[in-house]
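Some notes on the structure that comes next.
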Protein chains: 2
Amino acid sequence: MKNSPWQPLPDRKSTRVQLDREQIIDVALRISDQEGVDAVSMRRVAAEFGTGPSSLYAHVSNKDELLRLMFDRVCGEIQLPPREPARWQQQIKELMLGTHRLLLTHNDLGRVALATVPNGPNALRASEWMLGLMVEGGLPAHLGAWALDRIFLYVTVDAYETSIWRAQLRHLGLPKHESEKQVKGEMAAFLAELPADRFPYLSRNSAAMTSGTSQERFEFGLDLLIDGLQRHVTG
Amino acid sequence: MKNSPWQPLPDRKSTRVQLDREQIIDVALRISDQEGVDAVSMRRVAAEFGTGPSSLYAHVSNKDELLRLMFDRVCGEIQLPPREPARWQQQIKELMLGTHRLLLTHNDLGRVALATVPNGPNALRASEWMLGLMVEGGLPAHLGAWALDRIFLYVTVDAYETSIWRAQLRHLGLPKHESEKQVKGEMAAFLAELPADRFPYLSRNSAAMTSGTSQERFEFGLDLLIDGLQRHVTG
DNA sequence: CGTTGTCACGAACACTGTTCTAGTAGCGAA
DNA sequence: TTCGCTACTAGAACAGTGTTCGTGACAACG
């Protein structure tokens, strides 16, 4: 009875939205960028289209699949320059710095990358580029494959950890460098006040333990991984 | 009226359980070991004691705190031998291999370790041991601090990733080495069938891309990190 | 015009972490 | 022994979560 003809439904034609897989990824990524991956729920995404969560399941089989699609979409943003095998190590470092920055641009998407096997089309493009460059640089193929795996894992996990840090800082206070200094100071004080008999090195070197920016630490590890490949080059 | 005196409550004295923080951690870890971290919910843990979730909040302020406590409990299982600075790199590698194995013993607890700042008492013990060994080995303190950070991050993330792999294998079929071979074969086939014009290296080197056990790959990256510290040794 | 198949959508299910409320058990003091 | 207080158990409820089912309405095709 509620669908009585003299009170027609309020123009459902216009309210019925046309959903689309790409648009869904767009919206999900926008939410993730602004509020983090945890804010991406099926209800939240669907609400952006003015509908319920079940509407999404016609275009995306799963929430996991949606997250994977988001990750591969971001992988498409990776810029791949022409390969220069003569300076392959520098080029790989440059690409990884860019990828690291890209992941951080998209908030804590690194967490998704961690749990995802990077076999989407865009991720494969980047893998192909890196593997090719390493082989052309003189690395045996299987070591190139391993290095590709290890380096990308490292970049991903650092992006994730950095995003956690940033989230905690944001949760604290607004001024960025301000709160970073403060948290660092608190950490140093915590270490310095440890009982010196049981923690002589940590308490004495509290300044060293908190030294350096997260970017410096990231590059330190990245250099260890990439430079260490040198001795495996054949020929 | 249901509490009528001629039908006394069925001996509530014995049914009322004495909760305890340590016991809660015990039970949570047991669940995590058997079914994974995702299976650890406040209701699930409380149910093991025959009560409701709210009962836990008197002993644990948070689920996050419970997870942190679980992680530090596991860190207490790390065996720290006497330091031998003369062979500090080997010793650090040995400790990291053990820690990696320990994390995998506890299923996907590596995920918790990733999101946790390791400042629990047991984690601090291990950090003190490692920092001390590196400094005694000749590494400047701030580089030792960075290396400690990077290496532990690497060990943790590999344990996490390996646990994901294992979970997927377990979800597939029961025979362990059997399904591992099968999944590896499927992955190799997938890579080999990629269009050779756009993915020449990936398609040609599909065998190399899937070569090696996860343990071999882990040690490969670990060696890169640890051996690379050599050139930073002063004196 | 009629039919068919795709897909939007509301409702519901079984969960989750957390909080509020009440009430009770145990224990020290009088 | 009895009173009162503190500490802690525990049920109910709230606002979320991912996912599935059934019902439709719409559009394109025969």
Side-chain angles (χ1 to χ4, degrees), chain A residues 1-5 7-25 27-28 31-32 35-70 108 111-112 115-116 171, chain B residues 1-5 8-25 27-28 31-32 35-70 108 111-112 115-116 167 171:
Chain A
M1 291 296 172
K2 64 178 181 180
N3 287 350
S4 35
Q7 190 182 0
L9 295 176
D11 221 43
R12 269 292 164 110
K13 270 183 183 175
S14 64
T15 59
R16 190 177 180 113
V17 205
Q18 274 297 339
L19 288 181
D20 175 357
R21 172 184 273 230
E22 294 305 313
Q23 288 181 28
I24 291 175
I25 301 175
V27 166
I31 296 174
S32 168
E35 307 170 42
V37 178
D38 278 333
V40 178
S41 73
M42 301 304 267
R43 279 175 174 78
R44 182 84 165 73
V45 173
E48 298 279 321
F49 292 100
T51 180
S54 57
S55 303
L56 305 177
Y57 284 85
H59 307 272
V60 160
S61 68
N62 228 335
K63 187 188 176 181
D64 273 354
E65 182 177 272
L66 175 56
L67 292 177
R68 279 197 302 268
L69 290 170
M70 290 165 63
D108 54 350
R111 199 176 74 198
V112 177
T116 302
H171 206 280
Chain B
M1 290 298 173
K2 66 180 180 181
N3 287 350
S4 34
L9 296 176
D11 222 42
R12 270 290 166 113
K13 271 184 183 175
S14 65
T15 59
R16 188 175 181 117
V17 205
Q18 274 297 340
L19 289 181
D20 175 356
R21 170 182 272 232
E22 294 305 313
Q23 288 180 27
I24 291 176
I25 301 175
V27 166
I31 296 174
S32 168
E35 307 171 40
V37 178
D38 279 333
V40 177
S41 73
M42 301 303 267
R43 279 176 174 76
R44 181 84 167 72
V45 173
E48 297 279 322
F49 293 100
T51 180
S54 58
S55 302
L56 304 178
Y57 284 84
H59 307 272
V60 161
S61 68
N62 226 338
K63 187 189 177 182
D64 273 354
E65 181 176 274
L66 174 56
L67 292 176
R68 278 197 301 269
L69 290 170
M70 290 165 63
D108 55 350
R111 199 176 76 199
V112 177
T116 301
H171 206 280

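In the text below, chain A, chain B and the rest are named by the order of the sequence lines, each starting its count at 1.
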Sugar-phosphate only, base, or nothing, as touched by Val60(B) at under 4.0 Å among non-hydrogen atoms: nothing

Earlier contact from the 5' end, DNA chain C, for Ser55(A) and Arg43(A): Ser55(A)

Spacing of CD1 belonging to Ile31(B) relative to CG belonging to Asp38(B), to within rounding of 0.5 Å: 12.5 Å

Of Pro53(A) and Gly52(B), the one whose closest DNA chain D nucleotide lies more 5': Gly52(B)

Under 4.0 angstrom between His59(A) side-chain N/O and dT6(C) OP1 or OP2: no

Gap between atoms CG and C1', on Asp38(B) and dC15(C) respectively (whole Å): 13 Å

Nearest-nucleotide pick for Tyr57(B), side chain only, options being dT9(D), dG18(D), dG17(C): dG17(C)

Distance in angstrom units between Asp64(A) CG and dG18(D) P, rounded: 10 Å

Exam field: side chain Arg43(A) to backbone Pro53(A), donor-acceptor pair closer than 3.5 Å: no

Distance, rounded to the nearest Å, where Met42(A) contributes CE and dC9(C) contributes P: 15 Å

Ala167(B): partners by side-chain contact (heavy atoms from CB on, under 4.5 Å), with sequence neighbours left out: none

Rounded distance in Å - CZ (Arg44(A)) to P (dA15(D)): 18 Å

Side chain Asp108(A), main chain Gly36(A), donor-acceptor under 3.5 Å: no

Those residues that, when tested against Arg44(B), pass salt bridge (Lys or Arg N to Asp or Glu O under 4.0 Å) (two or more places apart): Glu35(B), Glu48(B)

Nucleotide dC26(D), atom P - distance to CG of Leu19(A) in whole Å: 16 Å

Interatomic distance where CG belongs to Leu56(B) and P belongs to dA10(D) [whole Å]: 10 Å

Whole-Å gap separating P (dC7(C)) and CD1 (Ile24(A)): 11 Å

Length of the CG-C1' vector between Asp20(B) and dC8(D), whole Å: 13 Å

Residue-phosphate contact under 4.0 Å: Ser54(A) side-chain N/O, dC9(C) OP1/OP2: no

Which residue lies more 5' along DNA chain D, comparing Ser41(A) with Ser61(A) via nearest heavy atoms: Ser41(A)

Phosphate OP1/OP2 of dG18(D) contacted by Asn62(A) side-chain N/O (<4.0 Å): no

